Amino acid sequence: MSDSLSKKISSLMKERNWTKMTQIQEMAMEPILRGNNTLIIAPTGFGKTEAALLPILSLMSEGEQKPVSLIYVTPLKALINDITIRIDWWASKLGFVVSRKHGEVPQKEKNMRLRKAPHILVTTPEGLEIDMDWASKFRDNYRNVKWVIIDEIHELMGSKRGAQLFVLLERLKDFSGKDFQRIGLSATISNEELVANTLFGSSSRPKTIVKSEAGKEFRLKIRSIKDSGDVWVASAKIIKESLEPPTLVFTNSRFLTERLHEELERLGEKGIFVHHSSISRDSKSNAEENLRSGKAGAVLCTKTLELGIDVGKVKKIIMYRPPPSVASFLQRLGRSGHCVGGIPYGEIICVQDFDCLEALAIYSLSRKGKLEPPRRVRPLDVVAREILGMLLQYSSIKLERVFSIITASQVYRDLTREEFQNLISYLQRNNLVVVEGDELKLGKSFFKIWTFNRSNNFVWAKNFSEFFSLISNDDAFTLRSGEKIIGEIDAIYVYKHIRPGDLIRISGKLWKVARIHNGMMMVDLTPADRGEGEIPIWRGEGVPKSQLIPREIQELFKIGDKILESEILDDSAKASLKALMEKYVRSKLPLPSSSTIYMTVTDKETVYSTLIDERVANTIAHMLMYLASSKYTLNVYTRASIYGFSINITDRDLLRELVQMKEERIRKILFRSILRSPLFMSVEKEIQASFGKIGKINPKEDKLIIKEGLRQTVKRYFNIKGTLTTLKRIREGKIRIVRSELTPLGEAVLSHAPIKPWISGINILIYDALKGGAYTVHEISEMLSIPPRSLEVKLKQMRKTSTKYRVTSFVDVDSKEIRWCTVDELKQLVNSDEFYTSFAPINEDETFIAEMRSIEGSSNTELIFKPKQILENPEEFAKRIPMDEVGELRIHDPVDPMICNMSPRYYFVRRDIVPYLLLNASAYIQNLKYT
DNA sequence: GACCTGCTGCGGCATG
């Protein structure tokens, strides 16, 4: 077959001793040479890159090439580096220039690319976005594009990054006027038609899908931890026992990689590394390097090593607890067995009995060739960004052209004219765009939101570079030792748990906390060699469990005891499964299925256990939480998993109550509980800047954001249709509710982390936390696990008149910190031992001026007073305040006007507490002046 | 105890 490649390529192959092409390379060659759009599906390590590259290089070498002929897009920076080197080996010998572009490419190299445009460019979706939007000069090279390769396309399906890239391809087509050839490389994925259509978009070239049959064979064992003692020791022992260097040990959390590393080290195991997203690039590279060179016995990792990074020859895969989906199972397993003739080989280690069920279900699904289909998404915030991108590119563009480019992509092919028009009007209202006749222009707000100098601007401003990426970030502290970056931890975890002097474990090493720089969000560490270090917990979003799993478990239960005959279960796993099933038999209960819900009332929670789509469980859980909160308001929590849901209410059957409600009311509760969930709030926050909305979202003005936020939230976390069907089936008796003792799957529900109440109930929580004291933002943040920044915003809102739970703040004269308390308790605090000094001026006879502005800002009043007058009778003094509510309160020193600047300001102050805050201000000023 | 991914170009100035 390699005869069809150009002579140059064939001789290069000989030079490399490539006598034989892999199956997928053979299969892909013809269609690519023919100019077809081609989707290549094969597991990692079967030479997909070369399958696409060699025929293209062959075509390239047969004619004259102007830069940029080939764009190679891949979602990871590490892959860009890797692939650039691989491509360059061939390209340089053919006289083609290759360059790479991503955020970490050194400036020198970036400049080189701009000076001498390459024939082949390797970049990220974001890199392409930057060039299209912003690289006014380099962009012209894109007019010559003939081929685009999208690598690891399965990673981009169903995500905003993917939607962004697929629109970019249409923009590229429109800009270049060329129907370039599109080639996609994907791991095994279901619904390949959808993937192909999404990639090929509006291209009119013939299409081909080639799929490798390789990688279907594998060896797997499912084991279970029998040990009833310490689970960590038992886990480490079983891992140690099954290591066959080099081994990759996959876990489902960053915490677990660190924790197991610690335990393995205790067992004397050497040459074990950790690899996850919160350790520095250097540590990760180090682990990869040791793995490739054979020095590492094992690497404990999360999904970071599931992706296409080259890890060399891995002998065995251990999955510590089952992976979340079949796709991820196959990807993980596929990281081994790349040795010639080798087949993937590994095992799943189960900790809980139900882990064995999941493991067996995943195995069984993979045997049947079933995989999770890619999700269809159609995010409007991405449309908004792409419109803005086109406006950066063209400065003025016809509305009609924008619409046709966007709807040319498969992702947005059903975007209606009306939706588009609504979006444009909304962007126009927020000054992100300007409409002039049928032309669209960039509005003034754009560079206010995406700014070049963030420090000079308001809190909503983002760095300009963030415009190009659709991945949002949470607050985190960077950990460093000297100049070296070690990793990062969630900001909230630092506030809550980390203090100077503490020992922590990260990156498989022990460290002592030297200093915490709050402003820079930085923690200084020094290496430590002895002691117990705390391992941080990163609170991210969970990996959603595949909905195929609960369905498959139900299928497994249908064959009953026979599942124990599966040869991939070792004795320990068989024992676990047997024990699990026997518990049902002994209680004379049918084995779990989606048509039975076991209801168990424990001392704290009512548990509803069944086999259910995780999103349906999550939706019902949120509805129960809504019902519970309307009566109990505080301390409500719930749990949701593929094994059911629970609520911490034990004296009522809330599920029964919910089911018996009228359809209309159920729908109302459903939407209200979603709109109230923190999940919705964070989605809203994530998308609002893309629409030009800054500040608080207004239900009347910002319907578009609310609607889109709701749509995205539901898509990601909830399942409305499934929930309504489930509730209906319960009502109709098609799903039975059976009261029982706690079942094994009921225990599985309880082992899930609780879901806490929604943010809007937070006012009550904060108010409650403040009761009986006065606290700084960081103290409250620790108590409630709320990030300080959002907490402060919340506290400031809670000062206002309209709030039921009203708070106020004063300066702690001793520590110079701002403390918050409830308005009603301020008077008590004034007389308390703890805060007495903050309200006791040193000189009661000094004269001050109180400047008071009304809430509307219309009137301004000055009041001259001496602290003594207040102390004599605060209530009487309050009568002299000319308004019920003071919008802004400031104190001046008539003698020393400079003091003005130091004077604390108070906002939204109720008349009766004004006297006390005046005492606080005078005490503070005098403290500054006299001590 | 709950994953991962990404992030200014261009032109003009000064300096060696």
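These numbers were taken from a predicted model, which means no experiment stands behind them. Chain naming here is simple, since letters A, B, ... match the order of the sequence lines and numbering starts at 1 in each.
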TODO: List the protein contact pattern of nucleotides 6-16 of chain B with one symbol per nucleotide (5' to 3'): B for base contact, S for sugar-phosphate-only contact, - for none; contact means a heavy-atom distance under 4.0 Å.
DONE: BBBSSS-----
Task: Whole-Å distance separating the CD1 atom of A:Ile642 from the P atom of B:dA2 - done: 13 Å
Task: Nearest-Å distance for atom pair CG/C1', residues A:Leu156 and B:dT5 - done: 9 Å
Open item on the list: Strictly below 4.0 Å: does A:Thr302 bring a side-chain N or O up to OP1 or OP2 of B:dC4?
Closed with: yes
- [ ] Provide, to the nearest angstrom, the distance between the CZ atom belonging to A:Arg281 and the C1' atom belonging to B:dT5.
- [x] 12 Å
TODO: Using whole Å, report how far OH of A:Tyr637 lies from P of B:dG1.
DONE: 16 Å
Task: Whole angstrom value for the distance that separates P of B:dA2 from CZ of A:Phe255 - done: 9 Å
Open item on the list: Taking the side chain as everything from C-beta on, heavy atoms only, tell me whether A:Phe329 gets closer than 4.5 Å to A:Ser366.
Closed with: yes
- [ ] Could you list the residues that satisfy salt bridge (charged side-chain N to carboxylate O under 4.0 Å, His left out) with A:Asp490, not counting sequence neighbours?
- [x] none
TODO: Calculate the interatomic distance between A:Glu541 atom CD and B:dA2 atom P; express it in whole Å.
DONE: 14 Å
TODO: Return the set of residues passing side chain to side chain contact (heavy atoms under 4.5 Å, CB included) with A:Asp502 (not counting sequence neighbours), or none when no residue passes.
DONE: A:Arg499, A:Val513
Open item on the list: So, using side chain to side chain contact (heavy atoms under 4.5 Å, CB included) as the criterion, who are the partners of A:Leu260 when residues are at least two apart?
Closed with: A:Trp232, A:Ser235, A:Ile239, A:Thr251, A:Leu300, A:Tyr320
Open item on the list: Rounded to whole Å, please give me the gap between CD1 in A:Ile535 and P in B:dA2.
Closed with: 13 Å
Task: Residue list, side chain to side chain contact (heavy atoms under 4.5 Å, CB included) with A:Arg376, at least two apart or on another chain - done: A:Leu194, A:Arg413
Open item on the list: Please report the distance, rounded to the nearest Å, between CD in A:Glu155 and C1' in B:dC3.
Closed with: 10 Å
- [ ] Can you sort out the partners of A:Glu541 under side chain to side chain contact (heavy atoms under 4.5 Å, CB included), two or more places apart, ordered by chain and number?
- [x] A:Tyr717
Open item on the list: Does a side-chain N or O of A:Arg254 approach OP1 or OP2 of B:dC3 to a distance below 4.0 Å, or not?
Closed with: yes
